[in-house]
Amino acid sequence: MPRESSKTRQQRAVEIDKRLQQHYPQASSALNWRNAFELLVATILSAQSTDEIVNRVIKDLFKKYPTAEELAVTDREELEQEIYSTGFYRRKAKNIQTMAQKLVDEFDGQVPENMEEMLALPGVARKTANVVLNEAVHSQTGNYEGIAVDTHVKRVAYRLGLTNQTDPKKVEPDLMELLPQESWRQAANALILLGRQYCTARKPNHEDCPLEGLCPKLQVP
DNA sequence: CTCCCGATAT
DNA sequence: ATATCAGGAG
């Protein structure tokens with residue numbers, strides 16, 4: 001691996017990180033959660049859905065089922081109906097209930113606070129685990145274990161030339177190497193906002209993009 | 001790789 | 001009509 005190109009990418013990553021912090025200083029999850037359990041459920045529901053729809057659904061959902069205990073034992077079809085509009089509702093309902101039951105059985109109904117136990121929960125992989133750990137557990141300490149790579153982070157990071165990978169599991173270590181650990185939470189949230197507002201999947205707005213000058217304007221893979 | 005799946009933008 | 005939306009499991 002040539003020294004020149006790696007250095008250039010690293011330096012651009014620093015500039016991008018700085019620009020993102022300037023433009024999105026308070027970037028955080030747009031999901032309306034009040035505790036780690038709510039964020040965990042909300043993030044499971046957010047698969048192939050939008051924050052707007054998920055927020056609409058969880059408002060009523062947590063009014064009916066505020067805790068893991070209540071969510072674990074409720075009627076499956078009733079839960080499916082409650083989360084229907086987020087899509088994948090059968091699989092999500094099953095995952096949420098088995099996950100909630102495991103929290104009750106093994107963690108006194110609480111969300112575990114480390115990566116290994118998070119990943120052992122049904123329906124939870126690195127993206128969801130990183131979101132919950134970074135936003136609800138480590139947000140004050142900055143002791144992040146990884147970067148939440150969702151569809152926006154994956155797309156924007158690729159277009160910015162921060163990775164040549166398209167698999168989110170391979171994008172994450174690339175970003176972890178390029179960005180300082182204390183930026184991992186903020187940077188991911190800022191990349192999501194940038195992805196929603198400017199670097200959209202279908203029609204990226206290069207003219208008004210706050211990262212103007214730092215982007216090679218790569219085409220979508 | 002396929003499947004799961006409704007809501008919305010283009 | 002089709003692509004895409006804070007993905008994960010088999």
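Labels below follow one simple rule: chain letters A, B, ... track the order of the sequence lines, proteins then strands, and each chain is numbered from 1. Just so we're clear, the structure is a prediction, and the values are computed from it rather than from any experiment.
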Q: For A/Arg76, give me all partners under salt bridge (Lys or Arg N to Asp or Glu O under 4.0 Å), at least two apart in sequence or on another chain.
A: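 Applying salt bridge (Lys or Arg N to Asp or Glu O under 4.0 Å) to A/Arg76 gives none.
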Q: Rounded to whole Å, please give me the gap between CZ in A/Arg155 and C1' in C/dC5.
A: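 The distance from CZ of A/Arg155 to C1' of C/dC5 comes to 9 Å, rounded to the nearest Å.
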Q: Which part of the nucleic acid, if any, lies within reach of A/Asn189 when heavy atoms closer than 4.0 Å are counted: base, sugar-phosphate only, or nothing?
A: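 Base, at least one base atom sits under 4.0 Å.
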Q: Could I get the full list of side-chain contact (heavy atoms from CB on, under 4.5 Å) partners for A/Pro216, not counting sequence neighbours?
A: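 Here the qualifying residues are A/Arg12, A/Leu218.
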Q: If you compare every side-chain N and O of A/Ser49 against the phosphate oxygens of C/dC5 (OP1, OP2), does one of them come in below 4.0 Å?
A: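 A/Ser49 to C/dC5 OP1/OP2: no side-chain N or O under 4.0 Å.
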Q: Tell me the interatomic distance from A/Arg91, atom CZ, to C/dA9, atom P, rounded to whole angstroms.
A: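 Taking CZ of A/Arg91 and P of C/dA9, I get 9 Å after rounding.
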Q: Rounding to the closest angstrom, what is the interatomic distance between B/dC4 and C/dA1 at atom P?
A: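 Here B/dC4 and C/dA1 have their P atoms 23 Å from each other.
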Q: Answer with yes or no whether the hydrophobic clustering places A/Leu79 together with A/Leu40; edges join I, L, V, M, F, W, Y residues whose side-chain heavy atoms lie under 4.5 Å apart.
A: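 Linked within one cluster.
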Q: So, taking the atom named CD1 in A/Ile58 and the one named CG in A/Leu45, what distance separates them when rounded to the nearest 0.5 Å?
A: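 It is 7.5 Å, given to the nearest 0.5 Å.
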Q: Hey, does A/Tyr24 have a side-chain heavy atom less than 4.5 Å from the side chain of A/Asn189?
A: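 With C-beta onward as the side chain, the pair stays apart.
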Q: In whole Å, I'd like the distance from the CG atom of A/Leu121 to the C1' atom of C/dG8.
A: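 A/Leu121 atom CG is separated from C/dG8 atom C1' by 13 Å.
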Q: How many whole angstroms separate atom CE of A/Met118 from atom P of C/dG7?
A: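 Distance, rounded to whole Å: 15 Å.
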Q: Mind checking what makes salt bridge (Lys or Arg N to Asp or Glu O under 4.0 Å) contact with A/Lys64, not counting sequence neighbours?
A: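 Applying salt bridge (Lys or Arg N to Asp or Glu O under 4.0 Å) to A/Lys64 gives A/Glu82.
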Q: Take atom NZ of A/Lys92 and atom C1' of C/dG7, then tell me their distance rounded to the nearest Å.
A: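 Result: 8 Å.
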Q: Quick one: A/Asp150 CG to C/dG7 C1', roughly how many Å, whole number?
A: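 About 9 Å, once rounded to whole Å.
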Q: Looking at residues 78-88 of chain A, who's got a heavy atom less than 4.0 Å off DNA chain C?
A: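 Only A/Phe88 qualify.
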Q: Can you tell me the distance, in whole Å, between the CE atom of A/Met99 and the C1' atom of C/dG8?
A: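 So the two atoms are 13 Å apart, to the nearest Å.
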Q: Partners of A/Asp150 by side-chain contact (heavy atoms from CB on, under 4.5 Å), sequence neighbours excluded?
A: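 side-chain contact (heavy atoms from CB on, under 4.5 Å) list for A/Asp150, sorted by chain: A/Lys127, A/His152, A/Val153, A/Ile192.
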Q: Roughly how many Å apart are C/dA3 and B/dT2, using the P atom of each and rounding to a whole number?
A: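 Here B/dT2 and C/dA3 have their P atoms 14 Å from each other.
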Q: Taking only heavy atoms on the protein side, list every residue of residues 54-65 of chain A lying under 4.0 Å from any atom of DNA chain C, sorted numerically.
A: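 Nucleic-acid contacts, sorted: none.
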Q: Base, sugar-phosphate or nothing for A/Thr43? Non-hydrogen atoms, less than 4.0 Å.
A: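 A/Thr43: no heavy atom of the nucleic acid under 4.0 Å.
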Q: Pick the closest DNA chain B nucleotide for A/Arg202 and for A/Thr50 by heavy atoms, then say which residue is nearer the 5' end.
A: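 That would be A/Thr50.
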Q: Give one of base, sugar-phosphate or nothing for A/Thr128, where a contact means two heavy atoms less than 4.0 Å apart.
A: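 Result for A/Thr128 = sugar-phosphate.
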Q: How do A/Ile53 and A/Lys203 order along DNA chain B: which one's closest nucleotide is nearer the 5' end?
A: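 Per heavy-atom nearest nucleotide, the more 5' residue is A/Ile53.
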Q: Report the residues that fulfil side-chain contact (heavy atoms from CB on, under 4.5 Å) with A/Ala68, sequence neighbours left out, ordered by chain and then residue number.
A: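 Here the qualifying residues are A/Phe37, A/Ala100, A/Leu103, A/Val104.
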Q: Expressed as a whole number of Å, how far does the C1' atom of B/dC5 sit from that of C/dT2?
A: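 Nearest-Å result for B/dC5 against C/dT2 at atom C1': 15 Å.
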Q: Applying ring pair (Phe, Tyr, Trp, His ring centres under 6.0 Å), which residue pairs with at least one partner in residues 41-90 of chain A are found, sequence neighbours left out?
A: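 For residues 41-90 of chain A, and leaving out neighbouring residues, the ring pair (Phe, Tyr, Trp, His ring centres under 6.0 Å) pairs sorted by first residue read A/Tyr84-A/Tyr89.
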Q: Would you list the pairs meeting salt bridge (Lys or Arg N to Asp or Glu O under 4.0 Å) in which at least one residue belongs to residues 25-40 of chain A, sequence neighbours left out?
A: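 Output for this query lists A/Arg34-A/Glu38.
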Q: Is the shortest heavy-atom distance from the side chain of A/Glu135 to the side chain of A/Leu31 under 4.5 Å?
A: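 Contact flag for A/Glu135/A/Leu31 side chains = no.
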Q: Specify the separation, in whole Å, of atom NZ of A/Lys94 and atom C1' of C/dG10.
A: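 The answer, rounded to whole Å, is 11 Å.
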Q: Taking only residues two or more places apart in sequence or in another chain, which ones pass salt bridge (Lys or Arg N to Asp or Glu O under 4.0 Å) with A/Asp17?
A: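 Testing A/Asp17 for salt bridge (Lys or Arg N to Asp or Glu O under 4.0 Å), a comparison that skips the adjacent residues, returns none.
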Q: What pairs of donor and acceptor atoms, side-chain ones from residues 116-124 of chain A against any protein atom, are under 3.5 angstrom apart with sequence neighbours left out?
A:
from	atom 1	to	atom 2	distance (Å)
A/Glu117	OE1	A/Asn114	ND2	2.6

Q: Considering only heavy atoms of chain A and a distance under 4.0 Å, specify the first and last nucleotide of DNA chain B in 5' to 3' order that meet this criterion.
A: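 The protein-touched segment is B/dC3 to B/dT10.
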Q: Find which nucleotide of DNA chain C each of A/Pro122 and A/Ala148 is nearest to by heavy atoms, and output the residue with the more 5' nucleotide.
A: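 Of the two residues, A/Ala148 wins.
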